[in-house]
Amino acid sequence: MELFIKVITIVLTIVLGLCIGSFLNVVIYRLPLNMSLAKPNSHCPKCQNPIKWYDNIPVISYIVLRGKCRHCGEKISLRYPIVELLNCLLWFLCLLVSTNFIIPNNDMNWLKFICSCFICSTLICIFFTDLDHHEIPEIFELILLILGLVLLLDDPSMKTIMLKVFGFIGAGGLFFIVNLIFKLIKKRDGIGFGDVELVSTMGLILGGYVMIFSLIISCVVGSIILLILLAINKNKDKEYPFATILVPGLLIGLFVGNYVIDWYMSLLGVM
């Protein structure tokens, strides 16, 4: 019976992850353009023909249609199945890591699991909207803030609350000061306020120590990506969306940050 419940949980997580991933594509495309998420129904942007339900099955429809519109043959962006698969993968990792699902006789932490899933989906939306529009809609920041506050219920100890408050104030304050210094020197913003809000809310979710680890990972990965882009692109003044550099590090921190911090503390003999 226990094995059956685990199998059902895994299958539901994968299916829901794909379905929510399909909805995220709608959010990523429509929300920055102030379009309704409900109307009109999904349709081809070129021929305007509505997409039937059987052509809107996550990943499968893209493969069957060979990445083209059934009516006009317009190419469908590869981003759509990528977002669906990415959301599915992250939800599955939330099941394995956030709830310790793979450890026998371990109680399921449903609150942490559900919140982690929504955090991952929100970060996906932030990544792609910032990539396309160089802005982060406020609704995403609000969602992360609410999820961070809800997660305080998972471990309401004073130590955990202090670490998360430190992460919230410290990360946001650090980025605010860096942007202020940059603005004094360059006479323009170097870090958008949306990025400041992003690190603040994620600091609340991850806590101070894990947030520091996540920012270090983001800096390392971001520096490598930036050097590659600068080598390819001759325009040295081109601006790159900062959230696309932050999000991978934040996701890594969400999944393995606590384990890395615990390991590091044990080396220092703190634990």
Is there a side-chain contact (heavy atoms from CB on, under 4.5 Å) between Leu131 and Arg79? Walk through the geometry before answering.
CA-CA 12 Å; Leu131 182 65; Arg79 175 185 295 184; 3.9 Å; yes
Do Val15 and Tyr80 share a hydrophobic cluster (ILVMFWY, side-chain heavy atoms under 4.5 Å, transitive)?
no
May I ask whether Ile124 and Leu246 are part of the same hydrophobic cluster, defined by side-chain heavy atoms of I, L, V, M, F, W, Y residues being less than 4.5 angstrom apart, directly or through others?
yes
Please enumerate all residues that pass salt bridge (charged side-chain N to carboxylate O under 4.0 Å, His left out) together with Lys183, with sequence neighbours excluded.
Asp189
Quickly, which of Ile20, Asn25, Val27, Leu78 forms a side-chain contact (heavy atoms from CB on, under 4.5 Å) with Val83? Name it, please.
Asn25
Which value, rounded to the nearest 0.5 Å, describes the distance between Ile217 atom CD1 and Ile252 atom CD1?
5.5 Å
Taking the side chain as C-beta and beyond, is there a heavy-atom pair between Ile126 and Thr244 under 4.5 Å?
no
Hydrophobic cluster membership, with links at side-chain heavy-atom distances under 4.5 Å among I/L/V/M/F/W/Y: are Leu144 and Val196 in one?
yes
Heavy-atom pair with the smallest gap, counting every atom of Ser214 and Leu206
OG-CD1, 3.5 Å
Which value, rounded to the nearest 0.5 Å, describes the distance between Asn87 atom CG and Leu16 atom CG?
10.0 Å
Should the heavy atoms of other residues, nucleotides or ligands under 6.0 Å from CZ of Phe213 be counted, would the total exceed 12?
yes
Looking at every heavy atom in both His134 and Pro241, which two are closest together, and how far apart are they?
NE2-CD, 3.6 Å
Sequence-distant partners of Ile8, side chain to side chain contact (heavy atoms under 4.5 Å, CB included), two or more places apart:
Phe4, Leu12
Indicate if Trp110 and Leu96 have the same hydrophobic cluster label, given that clusters are the connected sets of ILVMFWY residues with side-chain heavy-atom separations under 4.5 angstrom.
yes
Nearest non-hydrogen partners of Pro137 and Thr129, listed with the distance:
CD-OG1, 3.9 Å
Check: residues 158-175 side-chain donor-acceptor pairs under 3.5 Å, at least two apart:
unit_1, atom_1, unit_2, atom_2, d
Thr160, OG1, Asp155, OD2, 2.7
Thr160, OG1, Ser157, OG, 3.0
Lys164, NZ, Ile205, O, 3.4

Within the 4.5 Å heavy-atom criterion, are Val178 and Ile181 side-chain neighbours or not?
no
Who pairs with Asp154 by salt bridge (charged side-chain N to carboxylate O under 4.0 Å, His left out), at least two apart in sequence or on another chain?
none
Under a 4.5 Å cut-off applied to non-hydrogen side-chain atoms, are Leu24 and Phe128 in contact?
no
To the nearest 0.5 Å, what is the distance between CG (Leu33) and NE2 (His133)?
5.0 Å
Exceeds 12 heavy-atom contacts within 6.0 angstrom, atom CZ of Phe255
yes
Enumerate donor-acceptor pairs with a distance under 3.5 Å from any side-chain N or O in residues 58-65 to protein atoms, sequence neighbours excluded.
unit_1, atom_1, unit_2, atom_2, d
Ser61, OG, Tyr54, O, 3.0
Ser61, OG, Asn56, N, 3.3
Ser61, OG, Ile57, N, 2.8
Ser61, OG, Ile57, O, 3.2
Tyr62, OH, Ile76, O, 3.4

Could you state the interatomic distance from OG (Ser218) to CG (Leu251), rounded to the nearest 0.5 Å?
9.0 Å
Give a yes or no answer on whether the side chain of Glu141 reaches the backbone of Leu198 with a donor-acceptor pair at less than 3.5 Å.
yes
Only one of Ile14, Leu90, Ile10 passes side-chain contact (heavy atoms from CB on, under 4.5 Å) with Leu95, and that residue is Ile10
Are any side-chain N or O atoms of Asp130 and backbone N or O atoms of Glu135, one a donor and one an acceptor, separated by less than 3.5 Å?
yes
Roughly how far apart are Phe127 CZ and Asp132 CG, rounded to 0.5 Å?
10.0 Å
Using modelled atom types only, decide if a donor and an acceptor are shared between the side chain of Ser266 and the backbone of Trp263 within a distance under 3.5 Å.
yes
Report whether Leu204 and Ile261 are members of the same hydrophobic cluster (ILVMFWY, side-chain heavy atoms less than 4.5 Å apart, transitive linking).
no
Return the minimal non-hydrogen interatomic distance between Leu31 and Phe140, and the atom names on each side.
CD2-CZ, 3.5 Å
How close do Leu254 and Ser116 get, heavy atom to heavy atom, and via which atoms?
CD2-O, 4.4 Å
Suppose we screen for salt bridge (charged side-chain N to carboxylate O under 4.0 Å, His left out). Which residues come up paired with Arg30, at least two apart in sequence or across chains?
none
With rounding to the nearest 0.5 angstrom, report the NZ to SG distance, Lys75 to Cys69.
14.5 Å
What's the shortest heavy-atom distance between Ile191 and Asn179, and which atoms?
N-OD1, 2.9 Å
Using modelled atom types and a 3.5 Å cut-off, is there a donor and acceptor pairing between side-chain atoms of Trp91 and backbone atoms of Thr13?
no
